[in-house]
Amino acid sequence: MAGIYLHIPFCKQKCYYCDFYKVVSPKLLPDFISALKTEIKLQAGYLEKEQIETVYFGGGTPSSLSHAQINEIFSELQNNFQIDAHAEITFEANPDDLTAEYIAELQKTPINRISLGIQSFFDNDLKRMNRRHSGAEAIASVRRLQEAGYENISGDLIYGLPEQTSEKWSENLKLFFDLNIPHLSAYHLTYEKDTAFYKMLKSGKLAEHADKKSEEFFTTLLDLAHTNGFLQYEISNFAKLGLHSRHNSTYWTNTPYLGLGPSAHSYNRTSRQWNKADVKHYITELYEGKLCCETEILSKADLYNEFVMKNLRKVSGVNLHELESSFEESFKKIFWESARKYQASKHLEINKDSVFLSRSGMFISDRIISEMFYV
Ligand SMILES: C[S@@+](CC[C@H](N)C(=O)[O-])C[C@H]1O[C@@H](n2cnc3c(N)ncnc32)[C@H](O)[C@@H]1O
Ligand code: SF4
């Protein structure tokens, strides 16, 4: 079992919070598709003939592709990989791209799950983030998808936005749950270096929320998700029973995945590989039949760190039998030192089979995970 991620690095404009790799000019799109098809062929052996259970078109903005381009890419995948007949095939879309005509085109492709970047339903938030759509457009795009028969829909929301109040965050969640879609990814805003928001923060035009406020947003998220019948399965991900993202779950389990396109990462249990974040370079290299990735063979310490990071992000936590059978004493010693410390402060819970984050632990997960790392 394995997954494939395709990075489509084209956006019509740059959102002020986002540091994912993208370019705004569509000029290179046709050459990018040729290069992507070459990369698919060259990487056909990476997953060692494992059955592909999930394919994820991410970005950037995959909804800048036409249905013909999606099918062209997908055919190349089918020619080179064994894609399961029931594979989950996700497509990230921006609400303003999802016109009735575009959805009709999507129906001619094998895509069976849509991940929609909603971020907020408030137009002043959207404007401030430099999003291209309004809240009403996001709602209308969900309705159109549902009318066309798409049920497996996910929405992204960002909280901790500048000047966001608890009431506005609750209202955003209420509007989300009213849409009757089965999956939610909700991320606290991070001020990433090299973004417009980061510059505004540094020049004092924006202010970060105090930790206490952020924790209140997170508590509201967990409570409202629970009340609305959503199960949290990872720090930022919630789904109706059985409708979790199978693809994202590959990242948090030990499942191999291949990332294609500029900036995409791959993992095959023994090594990590990543493509340079530069679409021009990507096209030039692949035109000459060369891959443009760097590879790192994972040491025992890297494998242990990956294990802790991936498993602690899941609500089910670290499986202790797996920890016991997979790692040497030196790693387990570090693990248990931090685990006991954070158990005492009630950030971690421990039972006979697993160690997992409590609510308050989820809120400071990055700190706990980095302390458990073997350095
Ligand atoms: C790579 S983006 C692609 C989605 C799609 N292009 C769109 O904009 O709708 C995936 C998601 O990551 C989240 N995200 C990106 N940057 C973030 C940041 N700095 N803080 C919090 N969430 C962020 C957003 O919710 C976004 O929808
Ligand atoms: S959030 Fe999406 S649309 Fe906005 S810049 Fe990032 S990838 Fe592009």
Side-chain angles (χ1 to χ4, degrees), residues 5-26 29 32 56-65 70 90-98 102 106 111 113-122 125-135 137-142 145 153-162 164 169 172-173 176 179 181 183-202 206 208-209 214 217-218 221 234-238 245 247-248 251 259 261-265 277 279 313 363 365-366:
Y5 171 84
L6 303 124
H7 190 78
I8 313 297
F10 297 92
C11 292
K12 289 188 185 134
Q13 63 190 43
K14 289 189 183 180
C15 305
Y16 289 162
Y17 53 83
C18 177
D19 76 341
F20 284 78
Y21 176 66
K22 71 264 170 189
V23 292
V24 284
S25 163
L29 184 54
F32 162 76
Y56 194 102
F57 289 79
T61 307
S63 50
S64 43
L65 299 173
I70 298 166
T90 306
F91 186 74
E92 275 181 359
N94 286 40
D96 48 308
D97 288 328
L98 292 179
Y102 191 77
L106 274 187
I111 282 149
R113 182 172 183 273
I114 308 280
S115 171
L116 202 60
I118 299 171
Q119 322 308 356
S120 170
F121 292 100
F122 290 94
D125 287 341
L126 293 166
K127 212 164 163 209
R128 181 174 233 165
M129 287 187 261
N130 202 33
R131 295 290 292 174
R132 289 187 281 133
H133 57 90
S134 65
E137 273 179 291
I139 293 173
S141 68
V142 172
L145 283 169
I153 304 174
S154 175
D156 291 347
L157 292 179
I158 303 183
Y159 61 98
L161 290 170
Q164 191 167 43
W169 175 227
N172 259 333
L173 286 166
F176 183 93
L179 289 173
I181 60 182
H183 190 281
L184 164 66
S185 299
Y187 307 102
H188 192 290
L189 174 68
T190 46
Y191 287 89
E192 305 286 358
K193 270 197 180 143
D194 299 325
T195 62
F197 263 11
Y198 186 81
K199 286 190 195 94
M200 291 182 216
L201 181 72
K202 291 293 152 196
L206 293 181
E208 269 182 292
H209 288 283
S214 293
F217 289 138
F218 187 56
L221 167 65
E234 193 265 350
I235 295 174
S236 308
N237 284 281
F238 304 80
S245 159
H247 183 80
N248 287 349
Y251 298 140
S263 83
H265 286 236
V279 68
R313 288 196 65 85
F363 188 68
S365 58
D366 288 347

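In each ligand, atom 1 is the first atom listed, and ligand 1 is the first ligand listed.
- Protein heavy atom in closest approach to atom 8 (O) of ligand 1: Arg131 NH1, 2.7 Å.
- Gly259 and Ala264 make their closest contact through C-CB, 3.4 Å (heavy atoms, listed as atom of the first residue, atom of the second, distance).
- Counting heavy atoms closer than 4.0 Å to ligand 1, residue His133 contributes nothing at all.
- Within the 4.5 Å cutoff, the side chain of Gln164 has heavy atoms near those of the Asn172 side chain.
- Atoms of ligand 2 found under 4.0 Å from any heavy atom of Gly60, numbered from 1 in the order shown, are 7 (S).
- The contact set between ligand 1 and Leu189, taken as ligand atoms under 4.0 Å from a residue heavy atom, comprises 20 (N), 21 (C).
- Ranking the protein heavy atoms by distance from atom 23 (C) of ligand 1 puts Ile158 CD1, 3.8 Å first.
- Taking the side chain as every heavy atom from C-beta outward, Leu221 and Trp169 approach each other to under 4.5 Å.
- Listed by atom number, the atoms of ligand 1 under 4.0 Å from Glu92 heavy atoms are 3 (C), 4 (C).
- In this structure, the side chains of Arg113 and His247 stay at 4.5 Å or more apart for every pair of heavy atoms.
- Of all atoms in ligand 2, numbered sequentially from 1 with element shown, those under 4.0 Å from a heavy atom of Asn94 are 3 (S).
- Counting only heavy atoms of the protein, atom 21 (C) of ligand 1 lies nearest to His188 O, 3.4 Å.
- If you run side-chain hydrogen bond (donor to acceptor under 3.5 Å, both in side chains) between Ser214 and each of His209, His188, Glu208, only His188 comes through.
- In this structure the side chain of Leu179 never reaches within 4.5 angstrom of the side chain of Ile153, judged on heavy atoms.
- Closest to atom 7 (C) of ligand 1 among all protein heavy atoms lies Asn94 OD1, 3.2 Å.
- Taking 4.5 Å as the limit, every side-chain heavy atom of Phe197 sits out of range of all side-chain heavy atoms of Glu192.
- The shortest heavy-atom contact between Phe218 and Ile235 is CE1-O, 3.9 Å.
- Closest to atom 16 (N) of ligand 1, if we only count protein heavy atoms, is Tyr17 CD1, 3.4 Å.
- Distance check for Cys18 against atom 6 (Fe) of ligand 2: an N/O/S atom falls below 2.8 Å.
- Summarising the geometry, atom CG belonging to Asn94 is positioned 8.0 Å from atom CG belonging to Leu116; distances are rounded to the nearest 0.5 Å.
- A donor-acceptor pair is defined here as one N or O able to donate and one able to accept, closer than 3.5 Å; such a pair exists between the side chain of Asn130 and the backbone of Lys14.
- Looking from atom 15 (C) of ligand 1 to the surrounding protein, the closest heavy atom is Phe20 CE1, 3.5 Å.
- Counting heavy atoms under 4.0 Å from ligand 1, residue Asp156 touches it through the side chain alone.
- The shortest N/O to N/O separation between Glu192 and ligand 1 does not fall below 3.5 Å.
- Ligand 2 has at least one atom lying under 4.0 Å from a heavy atom of Arg131.
- Note that CG of Leu65 and CG of Leu29 are 6.0 Å apart. Values are rounded to the nearest 0.5 Å.
- Summary of contacts: the protein heavy atom closest to atom 1 (C) of ligand 1 is Gly59 O, 3.0 Å.
- At least one side-chain heavy atom of Ile114 sits under 4.5 Å from a side-chain heavy atom of Leu106.
- Within the 2.8 Å limit, Cys11 places no N, O or S atom next to atom 4 (Fe) of ligand 2.
- Residue contacts with ligand 2 for Lys22 involve side-chain atoms from C-beta outward but no N, CA, C or O (heavy atoms, distance under 4.0 Å).
- Val23 is listed as a side-chain neighbour of Phe10, based on a closest heavy-atom distance under 4.5 Å.
- Within the 4.5 Å cutoff, the side chain of Glu92 has no heavy atoms near those of the Thr61 side chain.
- Within the listing of ligand 1, atoms 3 (C), 5 (C), 6 (N) sit less than 4.0 angstrom from a heavy atom of Gly60.
- Near Tyr17, the atoms of ligand 2 lying under 4.0 angstrom from a non-hydrogen atom of the residue are 1 (S).
- Inspection of the Arg131 and Tyr17 side chains reveals an N or O donor paired with an N or O acceptor under 3.5 Å.
- In summary, the atoms of ligand 2 found under 4.0 Å from a heavy atom of Cys15, numbered by their order in the structure, are 1 (S), 3 (S), 4 (Fe), 5 (S).
- By the 4.0 Å heavy-atom criterion, Ser63 is excluded from the residues contacting ligand 1.
- Taking only nitrogen or oxygen atoms, main chain and side chain alike, Tyr187 does not reach within less than 3.5 Å of ligand 1.
- Geometrically, ligand 1 and Thr190 share a nitrogen or oxygen pair separated by less than 3.5 Å.
- When hydrogens are left out, the protein atom nearest atom 25 (O) of ligand 1 is Gln119 OE1, 2.8 Å; that is the closest non-hydrogen contact.
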